[in-house]
Amino acid sequence: MCGIIGYLGNKDAYPILMKGLHRLEYRGYDSAGIALLQSDKINIYKCQGKVCELEKYCEDKNLSGITGIAHTRWATHGEPNDVNAHPHFSSDGRTALIHNGIIENYQALKTELINRGYVFQSDTDTEVLIHLIEDIKKVGNNELPEAVRLALSQVVGTYAIIVMSVDDPNTLVVARKGSPLIIGFGQNEYYIASDGSALVEYTDKVVYLKNEEMAVLTKGDDIRIKTIKNKNRPHYIEKLEMTLSELEKGGYEHFMLKEIFEQPRSVADSMRGRLNSVKEIVALGGIVEYEEHLLRARRIIIVACGTSYHAGLVAEYMFEDLIRIPVEVEYASEFRYRNPIIYSDDVVIAISQSGETADTLAAIELARQKGATVLGICNVVGSSIARATHAGSYTHAGPEIGVASTKAFTAQVTVLTLMALCMAKRKGKISKTRYATIINELESIPRKIKTILDSNDLMKEIAAYMKQFNNALYLGRNYNYPVALEGALKLKEISYIHAEGYPAAEMKHGPIALIDEDMPVVVIATTNGTYDKVVSNIQEVKTRKGKIISIVTQGDTDVRNLSDYVIEIPETEEMLVPLLATVPLQLLAYHVAVMRGRNVDQPRNLAKSVTVE
Ligand code: F6R
């Protein structure tokens, strides 16, 4: 939610900032803006809409300047318009600020500042911060860094900010709490951004600023880091693990399509070095030190949001089946506010692609306060969640840029499967034969995904049929229930067709009333223990004139005979079906969205990284 970028050095700042904004646009695209330090003035260019609108707006402007900051917004406080766009500036126009996060106590601070004579231009919470800094700077005659620090110590909420001032032209002040911020080091220059994608072509030397830390970046000087409570902190330069090609569409029309097609590779990468089918070894290095906690756990609680929550549901079925430990899966947003019972011998697993989801982070904090062991499954290396957990495993899916999560889901399920297998073996809960069968099957998943991707044309044909409807139901049972939820989420978020995922047997408890000839029903009906029951559920839909689109195991005839459209997937172990069955549903959602003329990679109202509640 909101992307921020800053540059301080000797090059022209505008092209660096503009390219960075394009890279960070997945974080929000309600408005965009740039502030450049030009001679003894800050000039701000900002407007409602996407980054390309800003680019057009800037075409005839003077864009010189070697210091600047830029922002792409996902609106929280104040509607998306030109005035509410960042950067925001002080009353005297000498200081400018960009912000990702939410200032929760902004109303109280605003009232106080208005009483002191400040006039507000926008409806944002952010503008409070710049006037507060201005006030502290003036009243206490403070330098910019100290004014920023004192202002932040009055703030309740989350922030990643970059501040620049005419009064201190060789310095940028940056700080973070809750929202991410990374500082890159060039030749006598600093690059700052919400994530590494905006810096990757300039440097691979970075510092991930920690929570409640601020940094003073001065040209020609060493970085100075301290906490908001004014304690000096050392800094550790890390290598940015990212390549430029991962951030490009590579010939695909959309990032989402590229990411769907990357899954044979990304699933293989998430297993690499962790699975050896010949020696029958499964090992997750990242959690080795905490394996004993998992083995002794009274209970496993999985916390996540959205698609990651669906991966958690698959894990629940798998862990209970293989390890025989009770598992609860919770939306992190509910968990954090409902006073849950957490024992010190519980293990909490937080799943997150971005590693920045505010609700998941808060759930982790709560679990840690109650003494539980917290493990993370994240995609983004160095992310807040990866740092906030005791230990964890990265999914190694590579950057996911399309707002709708695809390859992250299959990578999460793969890592969770490895975890389940590893624990089942150590606990002695799985027979040698079953263990070997699942390992072998898991290894064949990338190849099987490839064959599913070959049915892309069929998915287009089904999409051409689906696109005319305004509602859809997705049904599945057992391991296929989370797949139904995920399929429905994909369709609704990018095509804006209303879609519901349901356990197939729950139909008769209400949703069956919705069935008529205008209701397409997507059923995941692969051969498994509940196959016959699902066939009956399909018949119930058919009797009421519903249209059936089914996902079946290769060679199936019974469901085929009942279906309007059929998608075959290769046979595999029941618990691994989600890794295959989700893929055609991603393609289906993608093609429906394209055919309905939607912005697939940047669906309305959404952002990739949900750093606000
Ligand atoms: C759906 C989607 C979201 C995310 C959710 C959690 O396609 O992308 O539902 O899954 O916002 O995000 P992470 O996994 O980054 O915590």
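The first residue in the sequence is number 1, and the count goes up from there. What you see is a predicted model; the values in this text were computed from it and never measured. Ligands are counted one by one from 1 in listed order, and the atoms in each one are counted from 1 as well.
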#### Entry: Axial cation check for Y343 ring with K370, 6.0 Å and 45° limits
no
### Summary
Close residues (non-hydrogen atom under 4.0 angstrom from ligand 1) work out to C305, G306, T307, S308, S352, Q353, S354, T357, V403, A404, S405, L489, K490, E493, V610
### Task
State plainly whether the residues R73 and D30 are in salt-bridge range, i.e. N to O under 4.0 Å.
no
Please tabulate, for side-chain N and O atoms in residues 456-476, each donor-acceptor pair with protein atoms closer than 3.5 Å (sequence neighbours left out).
from : atom 1 : to   : atom 2 : distance (Å)
N456 : OD1    : H591 : NE2    : 2.6
Q468 : NE2    : Y465 : O      : 2.9
N471 : OD1    : H498 : ND1    : 2.9

Identify every side-chain donor-acceptor pair in residues 329-341 under 3.5 Å, counting partners at least two apart or on other chains, and give the distances.
from : atom 1 : to   : atom 2 : distance (Å)
E330 : OE1    : R338 : NE     : 3.2
E330 : OE1    : R338 : NH2    : 3.4
E330 : OE2    : R338 : NH2    : 2.3
R336 : NH1    : D359 : OD1    : 2.6
R336 : NH2    : E613 : OE2    : 3.3
Y337 : OH     : E613 : OE1    : 2.8
Y337 : OH     : E613 : OE2    : 3.0

### Task
Please say whether the positively charged group of R604, taken as NZ for Lys or CZ for Arg, lies over the ring of Y496, i.e. under 6.0 angstrom from the six-membered ring centre and within 45 degrees of the axis.
yes
Which pairs of donor and acceptor atoms, one on a side chain in residues 378-387, lie under 3.5 Å apart (sequence neighbours left out)?
from : atom 1 : to   : atom 2 : distance (Å)
N379 : OD1    : T395 : OG1    : 2.9
N379 : OD1    : A397 : N      : 3.0
N379 : ND2    : Q353 : OE1    : 3.1
N379 : ND2    : G398 : O      : 2.9
S383 : OG     : V380 : O      : 2.7
S384 : OG     : R176 : NH2    : 2.9
S384 : OG     : E356 : OE1    : 2.6
S384 : OG     : E356 : OE2    : 3.4
R387 : NE     : G382 : O      : 2.7
R387 : NH2    : E238 : OE2    : 3.4

